[in-house]
Amino acid sequence: MPELPEVETTRRGIEPFAQGQTIEHVIIRQAKLRWPVDKALNKKLNGQKITGITRRAKYLLLQTHVGDLMIHLGMSGSLRIVGKREAKEPVQKHDHVDICLSNGKIIRFNDPRRFGSIILNKQADKHSLLEKLGPEPLTEEFNADYLHAKAKSRKVAIKSFIMNNHIVVGVGNIYAQEALFLSGINPNRTACKVSKVRVEKLVSNIKQVLADAIKAGGTTLKDFSGADGKPGYFQQTLNVYGRSGEPCLNCCFELKQAIIGQRTTVYCSNCQR
DNA sequence: ATCGGGACCTGCTTGC
DNA sequence: TGCAAGCAGGTCCCGA
């Protein structure tokens, strides 16, 4: 489920249940994730208070005095809140890790493909996976001057460029396609050949698309503690993602599909140049 | 420094 | 109906 809006929605969903709670127990059923889960996690986190729940890129960060628990959902991961005292919820397939809290709730990590990860680090922002990441897309630090300067001399496709975490974080395959469509930029265009004016449009649309998706995700939050707490992309109008062969919503040309950076990409060859 | 490709996994859909 | 191929929202790492 993870594009940045889904991760942020998850963060907001678990925050009210987890903020200020003490971790009583960590259960690891499957340690083989993207990186092996530390077997001593329970020992290290037992009795620790969760002092904050934040996000950096697509990592959720549970902050404690012994360090930050960095949770990445990979391609198929999700977190859900399970209430011990409420409807008994049996452990399901791929429920790999439980973080049991002092209020009786459990943060349950499920991830069929196991591309996700759970890592404890003294300071998340000092971890090698995080320290070299680009700016958050929804901050002022991510602006047209920055992106245009970075793109100078870059010969990859603009789509691959904006999906590169060292340039800007949180732009995944769906929203990269949507933002490029809204900006009228062909995803295959060489990054350094996109004019400043169009880079401005692109930055603005990346922000817009992500902000709208977070807003839409927020409408599902009230159901977060429910069985499958999955926010849906269907809440938002997607112009191109998944619509290959269908008519462009702008000009009615048939949308084309290409593989860029090993990822399926749908675009309008008429609107996007 | 930059780039492309392979790798890590399971599950669902599609086509023969 | 059954089985294999193809594809999926991420991203790290390696070799060129």
Side-chain angles (χ1 to χ4, degrees), chain A residues 1-11 29-37 55-60 70-79 92-97 109-119 121 127-134 137 149-181 187-193 206 209-210 212-214 216-217 220 228-245 257-266:
Chain A
M1 11 181 313
E3 283 248 1
L4 182 134
E6 286 66 39
V7 179
E8 178 59 25
T9 297
T10 298
R11 189 195 71 72
R29 298 188 193 81
Q30 170 59 275
K32 289 179 186 168
L33 303 183
R34 178 72 149 90
W35 286 282
V37 180
R55 177 187 59 73
R56 172 69 175 118
K58 291 173 186 166
Y59 288 89
L60 285 165
M70 302 159 38
I71 302 175
H72 198 292
L73 301 176
M75 288 274 259
S76 59
S78 63
L79 294 181
Q92 291 169 16
K93 201 172 182 186
H94 309 303
D95 279 345
H96 304 316
V97 176
F109 175 86
N110 181 288
D111 185 9
R113 291 176 70 179
R114 285 191 271 131
F115 286 173
S117 57
I118 298 181
I119 299 167
N121 201 60
H127 193 281
S128 59
L129 290 172
L130 296 196
E131 67 179 353
K132 289 174 187 165
L133 292 179
K150 281 281 184 185
K152 196 180 175 183
S153 86
R154 292 303 204 108
K155 288 174 183 149
V156 281
I158 186 68
K159 185 192 174 220
S160 300
F161 182 68
I162 60 173
M163 288 181 69
N164 181 341
N165 284 334
H166 295 290
I167 304 302
V168 58
V169 303
V171 182
N173 198 30
I174 294 178
Y175 296 114
Q177 292 174 62
E178 295 299 317
L180 286 164
F181 173 80
N188 256 316
R189 175 166 289 274
T190 305
C192 64
K193 293 194 171 165
I206 287 172
V209 150
L210 293 175
D212 285 352
I214 290 171
T220 68
D228 85 328
K230 285 182 191 164
Y233 295 96
F234 47 82
Q235 297 247 345
Q236 197 180 30
T237 311
L238 296 175
N239 289 290
V240 284
Y241 176 78
R243 297 193 63 241
S244 178
Q257 179 169 318
I259 302 294
I260 300 175
Q262 293 138 275
R263 309 298 296 277
T264 298
T265 308
V266 182

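By convention in this document, chain letters (A, B, ...) are assigned in the order of the sequence lines, proteins followed by strands, and residues within each chain are numbered from 1.
- For Arg11(A) (side chain) and Leu60(A) (main-chain N/O), no donor-acceptor pair under 3.5 Å exists by modelled atom type.
- dC9(B) makes up no base pair with any nucleotide shown, lacking Watson-Crick or G-U wobble contacts both under 3.5 Å.
- Closest to the side chain of Val156(A), out of dA8(C), dC9(B), dC3(B), is dC3(B).
- Listed candidates were dG10(C), dC3(B), dT2(B). Nearest to the side chain of Lys155(A) is dC3(B).
- Here the side chain of Ser153(A) is nearest to one of dA8(C), dT11(C), dT2(B), namely dT2(B).
- When each of dG5(B), dG11(B), dG10(C) is scored by its nearest atom to the side-chain atoms of Lys93(A), the top-ranked nucleotide is dG11(B).
- Spacing between atom CG of Leu73(A) and atom P of dC8(B) amounts to 22 Å, rounded to whole angstrom units.
- Checking dG10(C), dC3(B), dC12(C) against every side-chain atom of Arg154(A), the shortest atom distance belongs to dC3(B).
- The side chain of Pro2(A) lies closest to dG10(C) when the candidates are dG10(C), dT2(B), dA8(C).
- Residue contacts shown for Asn165(A) are limited to sugar-phosphate atoms, with no base heavy atom under 4.0 Å away.
- Using P as the reference atom, dG5(B) and dC7(C) are 16 Å apart when rounded to the nearest Å.
- The residue Tyr241(A) sits close only to the backbone: its heavy atoms come under 4.0 Å of sugar-phosphate atoms, none of a base.
- Listed nucleotides: dG10(C), dC12(C), dC9(B). Nearest to the side chain of Arg113(A): dC9(B).
- When the nucleotides dC12(C), dC9(B), dG6(B) are ranked by their closest atom to the side chain of Phe115(A), dC9(B) comes out on top.
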